Amino acid sequence: MHRDPLIQIDIISIFPQYLAPLSLSLVGKAQDDGLMRIGVHDLREAATDRHRTVDDQPYGGGPGMVMTPEPWGRTLDSVLTEDSLLIIPTPSGQRFDQRVATEWSQRKHLVFACGRYEGIDTRVSDYYRERVEVAEVCIGDYVLSGGESAALVMVEAITRLLPGVVGNVQSIVDDSFADGPMESLLEGPVFTRPANWRGLGVPEILLSGDHGKIQAWRLEQAQRRTAFMRPDLAPGGTPESGAVAH
């Protein structure tokens, strides 16, 4: 039975083969099941010279190259609609987090513009901001060689929140950073069979069958792990350096 996808995602890159993992795992299955549709576009196809040039030297001097606006304009004009959210991965953007992933999972059309080199000519985001919603985002306080790997991270985070993608909905509820008891907490330790592995056992509480005590133990462990690993997330903690509030 044919169904309309819950979300359309288009990704623009000069390395379309970099996005091949999108055909695997939950993201690939979600496409096969018709829950979502992903289109990958080669920016160089919009170049007009025989060398398929998409970059040039920066005005004002400086190292590296800047991606020119013309190929981006031609490609984005063919992809964007009035309902699109244009997402530009950049280390100078706002922080992508679980709240943003949840919000974007409810959108109908996401377009990722994956820059390279020193980034995309700023006029591209300025121009399209007058036509559609534009989000410049980073996935962490570090620099990548391009936006493709960041787009892969964000697409997976968004996709697993779509209804029907993850078989057990409770898995999403119990995730780190998810709304509910685990909001703003890291997920605690997890265990499976065998009950004893190389001299290491499973905490007795998990074998007790007392679900109330197990839930309380998991919450306590999540709080302890958060205080140790990410004290900035614990009550009264100090925000991470470089984090931007949404």
Side-chain angles (χ1 to χ4, degrees), residues 5 7-23 27 31 36-49 51-59 62 64-97 100-159 244 246:
I7 191 171
Q8 167 76 36
I9 298 177
D10 287 285
I11 306 175
I12 305 167
S13 166
I14 61 171
F15 296 117
Q17 62 273 29
Y18 204 114
L19 288 309
L22 293 174
S23 65
V27 180
Q31 292 178 79
M36 65 183 301
R37 187 163 51 220
I38 296 180
V40 178
H41 309 267
D42 186 349
L43 181 69
R44 291 194 187 278
E45 292 184 358
T48 56
D49 67 314
H51 299 295
R52 306 177 79 197
T53 304
V54 295
D55 61 297
D56 207 336
Q57 295 178 339
Y59 278 122
M65 304 290 278
V66 175
M67 302 193 84
T68 58
E70 291 91 345
W72 282 106
R74 284 188 283 270
T75 305
L76 289 170
D77 283 348
S78 69
V79 172
L80 291 172
T81 71
E82 60 181 14
D83 297 324
S84 302
L85 171 62
L86 174 57
I87 302 165
I88 303 176
T90 169
S92 60
Q94 290 187 312
R95 179 72 63 87
F96 175 83
D97 57 20
V100 176
T102 301
E103 177 186 331
W104 289 357
S105 71
Q106 298 165 21
R107 302 293 293 254
K108 289 297 184 183
H109 189 207
L110 306 178
V111 178
F112 288 86
C114 298
R116 283 265 159 179
Y117 316 123
E118 295 303 309
I120 303 170
D121 188 307
T122 299
R123 290 171 293 179
V124 173
S125 60
D126 290 345
Y127 177 86
Y128 286 102
R129 207 180 301 276
E130 298 297 319
R131 289 155 178 77
V132 298
E133 185 179 350
V134 177
E136 296 181 80
V137 294
C138 69
I139 59 171
D141 295 339
Y142 46 84
V143 178
L144 301 168
S145 296
E148 291 82 6
S149 50
L152 288 172
V153 168
M154 289 187 277
V155 169
E156 179 157 337
I158 293 163
T159 299
V244 179
H246 292 277

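The structure displayed is predicted, hence computed values, not measured ones.
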Does Asp42 pair with Arg52 as a salt bridge, N-O distance under 4.0 Å? yes
Check Glu156 against Val27 and note the closest heavy-atom contact, atom names and distance. CA-CG2, 4.1 Å
Is any side-chain heavy atom of Leu76 less than 4.5 Å from a side-chain heavy atom of Val111? yes
Distance from Arg44 atom CZ to Phe15 atom CZ, nearest 0.5 Å? 6.5 Å
For Phe112 and Val137, run side chain to side chain contact (heavy atoms under 4.5 Å, CB included): C-alpha distance rounded to whole Å, both residues' side-chain angles, the deciding distance at 0.1 Å, then the answer. CA-CA 11 Å; Phe112 288 86; Val137 294; over 6 Å; no
When every non-hydrogen atom of Ala113 is compared with those of Ile120, the smallest separation belongs to O-CD1, 4.1 Å
All salt bridge (Lys or Arg N to Asp or Glu O under 4.0 Å) counterparts of Arg129, not counting sequence neighbours: Glu136
Given side chains that start at C-beta, do those of Val155 and Ile38 come closer than 4.5 Å, heavy atoms only? yes
For Phe96 versus Ala101, what's the shortest heavy-atom pair and its separation? CZ-CB, 3.6 Å
Which value, rounded to the nearest 0.5 Å, describes the distance between Tyr59 atom OH and Asp121 atom CG? 9.0 Å
Are any non-hydrogen side-chain atoms of Gln17 and Val40 less than 4.5 angstrom apart? no
Pair His109, Ser84: side-chain N/O donor-acceptor within cut-off below 3.5 Å: yes
Pro58 and Val66: which non-hydrogen atoms are nearest, and at how many Å? CB-CG2, 3.7 Å
CD (Glu82) with more than 12 external heavy atoms under 6.0 Å: no
Side-chain touch Asp56/Tyr117, heavy atoms, less than 4.5 angstrom: no
Taken to the nearest 0.5 Å, the spacing of Thr75 OG1 from His41 NE2 works out to 8.5 Å
Which atom pairs, one a donor and one an acceptor, fall under 3.5 Å between side chains of residues 143-154 and the rest of the protein, sequence neighbours left out?
unit_1 : atom_1 : unit_2 : atom_2 : d
Glu148 : OE1    : Arg116 : NE     : 3.0
Glu148 : OE1    : Arg116 : NH2    : 2.8
Glu148 : OE2    : Ser13  : OG     : 2.6

Quick one: are Arg107 and Glu133 in side-chain contact, heavy atoms under 4.5 Å? yes
Ile9 vs Arg37, test: side chain to side chain contact (heavy atoms under 4.5 Å, CB included). Steps then yes/no. CA-CA 6 Å; Ile9 298 177; Arg37 187 163 51 220; over 6 Å; no
Mind listing the closest non-hydrogen atom pair of Leu110 and Trp104 along with its distance? CD1-O, 4.0 Å
Gln94 side chain reached by Val100 side chain, heavy atoms, under 4.5 Å: no
NZ-CG distance between Lys108 and Asp83, expressed to the nearest 0.5 angstrom: 9.5 Å
Minimum side-chain heavy-atom gap Ile12-Cys114 below 4.5 Å: no
dist Ile14:CD1 -> Leu43:CG (nearest 0.5 Å) comes out at 7.5 Å
Is the side chain of Thr53 donor-acceptor paired with the backbone N or O of Asp55 at a distance under 3.5 Å, no angle test? no
Quick one: does Tyr127's side chain have a donor or acceptor within less than 3.5 Å of a partner on Thr122's backbone? no
Within 6.0 Å of CD in Gln57, more than 12 heavy atoms from elsewhere: no
Dump the intermediate steps for side chain to side chain contact (heavy atoms under 4.5 Å, CB included) on Val134 and Ile88, then the final yes or no. CA-CA 8 Å; Val134 177; Ile88 303 176; 4.1 Å; yes
Rounded to the nearest 0.5 Å, what separation is found between the CD1 atom of Ile158 and the CD1 atom of Ile7? 6.0 Å
